[in-house]
Engineer: 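One structure follows; several queries about it will come next.
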Amino acid sequence: MVQVVQTSLPTTSSSLLDGLNPPQREAVLHRGPALLIVAGAGSGKTRVLTHRIASLLETREAWPSQVLAITFTNKAAGEMRERVRQLVGHASDGMWISTFHSACVRILRREAEVFGYASGFTIYDSGDTRALLKRIIKEHEADVLGFSVANAGARISKLKNELVDAETFSREVNLADPKEAMFLTIFREYTRTLQAANAFDFDDLIAQTVYLFRAFPHVAEPYRRRFRHILVDEYQDTNHAQYALIRELTKPAQNLPGASLTVVGDSDQSIYAFRGADIRNIVEFEQDFPQARVVLLEQNYRSTQTILDAANAVIANNFDRKPKNLFTADGPGAKITGFTGYSGHDEAQFVADEIEQLHRDGTEYREVAVFYRTNAQTRALEEILIRSAVPYRILGGTKFYERAEIKDAMAYLISVANPADALAVRRILNTPKRGIGPATETQLASFAERNGITFRAALRHAKEIGFGPKVAKAITDLSDLLDEATAMTAPPEPDMAPIPVFDVLKLLMQKSGYIDVLRASRDPQDEARMENVEELLAVTKEFQRNNPDGQLIDFLTETALVAAADELDDSSGTVSLMTLHTAKGLEFKAVFLTGIEEDLLPHRMSANEPGGAAEERRLFYVGITRARERLYLSLAMTRNSYGETSVSAPSRFLAEVPADLIEWRQSPGMTGPGAGGRVAGSLAWGSSSASGAGAAAERPKADWGANRVTGRVRDNGDLELAPGDRIRHDDFGEGRVSAVTGVAAKRIAEVQFDTAGRKRLLIKVAPITKL
DNA sequence: CATCCCCTTGTTTTT
DNA sequence: CAAGGGGATG
């Protein structure tokens, strides 16, 4: 096919192509309806995408406003915007560079009225969804049929990602099956409640946008006309709803061909099947878009060849994939370090010690990351990192916005922004305690239902319902407070500027008595809660600084859509801990992959599912390819879970890493007789590990025997230590203090142990005694 | 209506 | 081992 368009346009300047390899250049320069960039890990895809956008602008093929770029996380979006700005200056401001979810919220807020929603809708997070489902399941006693919040929620989510809503489902369901009938009831009620609350859950954001475009073509039309160039990153992780959205947006508009679509992805990094990601979206891209061009990026600019060799060898075990081989022009680099601990704590101690070694050798803490398969594994790591005085940060996990006090504060704001949201109002009804119990709540709810008004509105009628004077006053006070806050956000005079979110939240927290209750409490945990509320206030201030015109609803949108990886602060001088899933798209100089054991990686829940093991292998692959220079693989012989210690076995994936790439500090084969007793027999290895075990056997056993670590935590109060003091450590034996740094609770002793080497210990919590 | 205590229950990843 | 629910008590 002749690309007439291309030759008639000015060409992209050489500066945009400088330093790009031939396939990268092709990916920047190709013009046509559809382009698939198969980008292996670390192959410079962000560079290609940003240069492609800059090229489109430079040749005047596109206005900034015609560009829609979709990334996986807000952090990635911010990064891309920044890099585009460096290339084209403030022209980047007019582009939409965001996640699927943010883009859809933006569209929905604009168009909500078209299909019966108000623009101030609430976004329900997984916690809200859980609470709602819990209530519905309890109400219908659905638990006796085997329904749980988890399984019902997962199923609803799955259906929504397939664009099946409750009514569509009702047409295909077999009502003779009581379980199916019950599920339909749950699904319907869940949908109905969300609708009544003027709320969308995460899945709705995508699915409802698709529905909106399909049901109201005149709404879709302006978006189709506007976005002429659509670019989607991490395409391998799109689900059906997201795919459908892209299809809707790339449909021809009146007198206009469909937008040009560029997708970037790597099917070897598809790790979100559980969330509905459909690997077929990328595998069948060429059938979907018959005129598609495919460009392959295989040269890696991130990792050493050793790391790439390991990654290539592991992923080669997945069948039905297109062969792909990552390579680098840089050297082989250091070998991969392997370590087998006796326990999760022992493994964690290895990680802590090794991080300290890296740090002494000049690697900054923020260049180091520790990955794991499940959040539960953070416990042991945290304990030891604290004790070893290694500064760290956990991404994801119990997130800031999931803490009860933060959810409370947010519920106050939501009650103001979206009075239809009964869940939010009910949450704050008796928080802080004002003597309004479940009975009162039920009465309010039924009053609202009888009179066809919202729960929020029912609060204004407390006197008519006939509560006692105390209860009625409590309700009226709350209602008045919410009214006062509402008036602040939506001033009666149109030319008056709305009051900043900070002041609204402060008013709500003060007048509701929330802050007073926390302050008066003797519970030490409430002190932390107080600090969290203050931190949230600081967040609102920061928000106002970044968005001078930002409304309450914008603040709520932003906070509802923060992802784990968004929290990563590159300037922080701390080690990053995160799950393998969160690690996608990131890179670090040194990476620790922990818990490389059967039942953990691959996880036992997915090992038996069809395609499960392959996806877990991709997860391992993603982890490996995050490392630039140093990669560590560790596992433990025993692991504590649910109060019990169980024996674990090395992951099948470990044997897929060529043995000559790993230098075992302590291999699974070595943790045998004398150390782990009978356990060793169950850890028998394939032949591939034999040489690894041999190489590491040079180290004296006593050395790592001293590294066995227990999981107790203690408090030494203000034990005084000075250089020269002799101490005894429960795990490391005796040693001499060589230095003391830090102050108060953060004093750190550097100790030269007689057998266990040099360690840094947080004096307050380390299991030590002065001799 | 609030608080305390016992019991059950659950074991993956998340926008 | 944890958190969360349910029941009994103040």
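Lettering follows sequence order; numbering is per chain, from 1. Any value given below was found using the heavy atoms of this structure, including those in side chains, with hydrogens, waters and symmetry copies removed.
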Engineer: Is the shortest side-chain N/O distance from Thr374(A) to OP1 or OP2 of dT11(B) below 4.0 Å?
Structural biologist: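 No, because none of the side-chain N or O atoms of Thr374(A) sits under 4.0 Å from OP1 or OP2 of dT11(B).
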Engineer: Does the ring center of Tyr372(A) lie less than 6.0 Å from the ring center of Phe592(A)?
Structural biologist: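 Judged by ring-centre distance (under 6.0 Å), Tyr372(A) and Phe592(A) do not meet the cut-off.
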Engineer: With sugar-phosphate meaning primed atoms plus P, OP1 and OP2, does Thr440(A) contact a base, only sugar-phosphate, or nothing at under 4.0 Å between heavy atoms?
Structural biologist: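 Answer is sugar-phosphate: Thr440(A) comes under 4.0 Å of backbone atoms only.
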Engineer: Roughly, in whole Å, what's the span from CG in Asp125(A) to P in dT15(B)?
Structural biologist: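 So the CG-P distance, Asp125(A) to dT15(B), works out to 11 Å.
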Engineer: Can you tell me how far C1' of dT13(B) sits from CZ of Arg618(A), to the nearest Å?
Structural biologist: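 That distance rounds to 13 Å.
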Engineer: In whole angstroms, how far is the C1' atom of dT13(B) from the CZ atom of Arg373(A)?
Structural biologist: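 Interatomic distance, CZ of Arg373(A) to C1' of dT13(B): 5 Å.
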Engineer: Specify the residue among Val471(A) and Phe274(A) whose closest nucleotide of DNA chain B lies further upstream toward the 5′ end.
Structural biologist: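 Looking at DNA chain B, the more 5' nearest nucleotide goes with Val471(A).
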Engineer: Quick one: Leu619(A) CG to dT13(B) P, roughly how many Å, whole number?
Structural biologist: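 Taking CG of Leu619(A) and P of dT13(B), I get 11 Å after rounding.
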Engineer: Is the shortest side-chain N/O distance from Asn375(A) to OP1 or OP2 of dT13(B) below 4.0 Å?
Structural biologist: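 For Asn375(A), the contact criterion (side-chain N or O under 4.0 Å from OP1 or OP2 of dT13(B)) is met.
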Engineer: NA contact type, Lys138(A), heavy-atom cut-off 4.0 Å: base, sugar-phosphate, or nothing?
Structural biologist: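 Contact class for Lys138(A): sugar-phosphate only.
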Engineer: Among side-chain atoms of Asn318(A) and Tyr621(A), is any donor-acceptor pair under 3.5 angstrom?
Structural biologist: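 The answer is no; no qualifying pair exists.
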Engineer: For the pair made of CD in Gln242(A) and C1' in dT14(B), what is the distance, rounded to whole Å?
Structural biologist: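 Taking CD of Gln242(A) and C1' of dT14(B), I get 12 Å after rounding.
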Engineer: Looking only at side-chain atoms of Glu616(A), point me to the closest of dT14(B), dT3(B), dT12(B).
Structural biologist: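 Of dT14(B), dT3(B), dT12(B), dT12(B) is nearest to the side chain of Glu616(A).
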Engineer: Any base atoms under 4.0 Å from Arg379(A), or only sugar-phosphate, or nothing? Heavy atoms, all strands.
Structural biologist: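 Sugar-phosphate: the residue Arg379(A), judged by heavy atoms under 4.0 Å, touches backbone atoms but no base.
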Engineer: Out of dT15(B), dT13(B), dA2(B), which nucleotide sits closest to the side chain of Asn430(A)?
Structural biologist: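 Taking heavy atoms from C-beta onward, the closest nucleotide is dA2(B).
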Engineer: Taking any heavy-atom pair under 4.0 Å as a contact, classify Phe72(A): base, sugar-phosphate, or nothing.
Structural biologist: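 If one applies the 4.0 Å heavy-atom cut-off, Phe72(A) turns out to touch the sugar-phosphate alone, with no base involved.
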Engineer: Looking across every strand, which nucleic acid part, if any, lies under 4.0 Å from Ile271(A) by heavy atom: base, sugar-phosphate, or nothing?
Structural biologist: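 Nothing, no heavy atom under 4.0 Å.
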Engineer: So, OP1 or OP2 of dT15(B): does either fall under 4.0 Å of a side-chain N or O from Thr73(A)?
Structural biologist: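 Checking dT15(B) against Thr73(A), no side-chain N or O comes under 4.0 Å of OP1 or OP2.
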Engineer: Could you give the distance separating dG4(C) and dT13(B) at their C1' atoms, to the nearest angstrom?
Structural biologist: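 The same atom, C1', in both gives a distance of 23 Å.
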Engineer: Can Phe202(A) be said to stack with the base of dT14(B), given centres closer than 5.5 angstrom and planes under 30 degrees apart?
Structural biologist: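 The base of dT14(B) is not stacked with Phe202(A) (the test needs centres under 5.5 Å and planes under 30°).
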Engineer: At under 4.0 Å between heavy atoms, what does Ala150(A) touch on the DNA or RNA strands: base, sugar-phosphate, or nothing?
Structural biologist: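 No contact.
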Engineer: Write down the distance between NE2 (His581(A)) and P (dT13(B)), rounded to a whole number of angstrom.
Structural biologist: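 Distance check: His581(A) NE2 to dT13(B) P gives 9 Å.
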Engineer: How do Ile436(A) and Thr579(A) order along DNA chain B: which one's closest nucleotide is nearer the 5' end?
Structural biologist: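 Checking each residue's closest nucleotide, the 5'-ward one belongs to Ile436(A).
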Engineer: In terms of side-chain heavy atoms, does Ser648(A) have a donor or acceptor partner in Glu597(A) at a distance below 3.5 Å?
Structural biologist: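 Yes, Glu597(A) and Ser648(A) have a side-chain donor paired with an acceptor closer than 3.5 Å.
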Engineer: Mind checking whether Phe620(A) and Phe653(A) have parallel, tilted or perpendicular rings, split at 30° and 60°?
Structural biologist: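 Ring orientation, 0 to 90° scale: parallel.
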Engineer: Could you state the CG-C1' distance from Asp599(A) to dT11(B), rounded to the nearest angstrom?
Structural biologist: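 One finds 10 Å between C1' of dT11(B) and CG of Asp599(A), rounded.
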Engineer: Are Ser479(A) and Thr476(A) close enough that a side-chain donor and a side-chain acceptor fall under 3.5 Å?
Structural biologist: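 There is no such pair (donor and acceptor under 3.5 Å, judged by atom type) between the side chains of Ser479(A) and Thr476(A).
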Engineer: His603(A) side chain: which of dT11(B), dT3(B), dT13(B) is closest?
Structural biologist: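 The answer is dT11(B), which lies nearest to the side chain.
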Engineer: Look at Lys134(A) and dG5(C) and indicate whether a side-chain polar atom (N or O) is within less than 4.0 Å of OP1 or OP2.
Structural biologist: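 For Lys134(A), the contact criterion (side-chain N or O under 4.0 Å from OP1 or OP2 of dG5(C)) is met.
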Engineer: Specify the separation, in whole Å, of atom CD of Gln269(A) and atom P of dT14(B).
Structural biologist: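 These atoms are roughly 17 Å apart.
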Engineer: Examine Arg155(A) relative to Phe183(A) and say whether NZ or CZ is less than 6.0 Å from the centre of the six-membered ring and inside a 45° cone about the ring axis.
Structural biologist: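 Yes, a cation-pi geometry.
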Engineer: Looking at dA2(C), dT11(B), dT15(B), which one has an atom nearest to any side-chain atom of Met605(A)?
Structural biologist: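 The closest nucleotide is dT11(B).
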